[in-house]
Amino acid sequence: MEQQPLYDQFDHSTAFGNYIRPGGPPLTTPDALASGNAALSEMIVTSFRCPSDSGSETIAVSSYYSPDGGAGVAAQKTNYDFLMPASTLTNYNYHRGVSLSTRYMFGENSYTPISGVQDGTSNTLAMGELTFETFNGDTSAWSYAGWLSVGIDPVGAYNSTFPSRGLNVWNYGNNSSPLNNMRGRRASWYSVASLHPGGCMFVLADGAVRYISETIDTTNLTNLSRMADGQVIDADF
């Protein structure tokens, strides 16, 4: 996945996207639009796309999800994102405020060295899959964070979904819309889901890629998401 020429086009001294939550700090100068960072999100990076997903690959222009505040940049989505607790959405610096035993590898302003993954890098999830289509919210872009872009959480239970936790959850609150509860459109913004039959692909902290069945129990999925809870993983993955 060599992308050095693309990497070098970004201005790393300023924002990659212009979305600010109400009450958030002001943007740096130049902002993502003026620096050219926003426009780069339109680049297609095939490494961030799952060949099994035929959903819409482009984020609809909006003030919430676009990198330029809705000025017209049509950013490209990603099928892969970091595992972060869904509670990160409404709790600033959530990563630093929770106990080590419940902490994921990633979170807002996270700072995890490999030595911090005390459960072992082969027993800790780092990244997972998300479908291009999302019922509640939108799927994140590969290059910046918009509204709801706080990663994915297989045991989040932030919204009312059925089931409440797990992989390949498609039903958002029993909503009557014909677009709800449809395979290929994950229930909510933090849902982990793919179009692979019966499960999802994950990246472990050691870099290994593993397929995990959607039938995995919540206890093992929770323990895999946490990096230092000291619990034994007894699921076959």
Side-chain angles (χ1 to χ4, degrees), residues 1-4 6-7 12 16 45-53 77-88 93-132 139-145 149-157 165-169 186 189-237:
M1 184 185 164
E2 178 55 52
Q3 295 291 340
Q4 190 67 45
L6 177 58
Y7 176 88
H12 296 271
F16 282 26
V45 182
T46 56
S47 300
F48 293 141
R49 294 183 167 184
C50 176
S52 300
D53 196 335
K77 299 176 184 177
T78 179
N79 280 124
Y80 312 105
D81 208 343
F82 296 97
L83 260 69
M84 297 167 62
S87 296
T88 301
N93 287 319
Y94 183 80
H95 180 87
R96 298 177 182 236
V98 298
S99 66
L100 181 61
S101 63
T102 60
R103 193 175 290 171
Y104 291 19
M105 276 191 69
F106 298 102
E108 185 182 46
N109 296 324
S110 56
Y111 52 97
T112 305
I114 291 299
S115 59
V117 187
Q118 297 179 15
D119 289 344
T121 55
S122 61
N123 292 312
T124 305
L125 301 176
M127 300 184 72
E129 285 192 275
L130 58 165
T131 53
F132 282 141
T139 292
S140 297
W142 64 267
S143 68
Y144 66 90
S149 297
V150 295
I152 50 178
D153 187 354
V155 291
R165 296 177 172 86
L167 310 181
N168 291 342
V169 177
R186 63 196 182 116
W189 49 270
Y190 59 90
S191 302
V192 180
S194 82
L195 284 164
H196 303 301
C200 301
M201 304 299 293
F202 287 86
V203 178
L204 299 175
D206 64 0
V209 177
R210 294 285 186 271
Y211 172 86
I212 297 181
S213 171
E214 64 189 26
T215 62
I216 186 173
D217 62 278
T218 302
T219 297
N220 276 300
L221 195 54
T222 299
N223 294 340
L224 283 166
S225 300
R226 296 171 175 175
M227 65 178 183
D229 63 3
Q231 300 300 310
V232 175
I233 308 296
D234 57 15
D236 184 16
F237 71 98

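Residue indices begin at 1 and follow the sequence shown. This is a predicted model, so every value here is computed, not measured.
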Self-check item: Pairs touching residues 189-215 that satisfy ring pair (Phe, Tyr, Trp, His ring centres under 6.0 Å), sequence neighbours left out
Solution: Y158-W189
Quiz item: Mind checking whether L125 and L204 have side chains closer than 4.5 Å, heavy atoms only?
Solution: yes
Quiz prompt | All side-chain hydrogen bond (donor to acceptor under 3.5 Å, both in side chains) counterparts of T215, not counting sequence neighbours | solution = S213
Quiz item: Any sub-3.5 Å donor-acceptor pair from K77's side-chain atoms to T139's backbone N or O?
Solution: no
Self-check item: Which residues share a side-chain hydrogen bond (donor to acceptor under 3.5 Å, both in side chains) with T222, sequence neighbours left out
Solution: none
Self-check item: Contact summary for S194 and E129, nearest pair of heavy atoms
Solution: CB-OE1, 3.3 Å
Quiz item: Looking at the rings of Y104 and H95, which for Trp means the six-membered one, are their centres under 6.0 Å apart?
Solution: no
Quiz prompt | Interatomic distance, L195 atom CG to D53 atom CG [nearest 0.5 angstrom] | solution = 5.0 Å
Quiz item: In Å, rounded to the nearest 0.5 Å, how long is the span from CZ of R165 to OG of S191?
Solution: 12.5 Å
Practice problem: Sequence neighbours left out, what passes side-chain hydrogen bond (donor to acceptor under 3.5 Å, both in side chains) with S87? Give chain and number order. | Solution: none
Practice problem: Measure centre to centre between the rings of F16 and Y144, then say whether the value is under 6.0 Å. | Solution: no
Quiz item: Do the non-hydrogen side-chain atoms of R49 and W142 ever get within less than 4.5 Å of each other?
Solution: no
Practice problem: Could you pull out the closest heavy-atom pair between L167 and P154, with the gap in Å? | Solution: CD2-CB, 3.8 Å
Table please: side-chain donor-acceptor pairs of residues 230-237 below 3.5 Å, with sequence neighbours left out.
| from | atom 1 | to | atom 2 | distance (Å) |
| --- | --- | --- | --- | --- |
| Q231 | NE2 | D229 | O | 3.4 |
| D234 | OD1 | N220 | ND2 | 2.6 |

Quiz prompt | M127 side chain near D81 side chain, heavy-atom distance below 4.5 Å | solution = no
Quiz item: Any side-chain heavy atom of V45 sitting closer than 4.5 Å to one from Q3?
Solution: yes
Exercise. Please tell me if the side chains of R226 and T102 come closer than 4.5 Å, counting only heavy atoms from C-beta onward.
Key: yes
Quiz item: Among all residues two or more places apart in sequence or in another chain, which pass the side-chain hydrogen bond (donor to acceptor under 3.5 Å, both in side chains) test with R103?
Solution: Y111
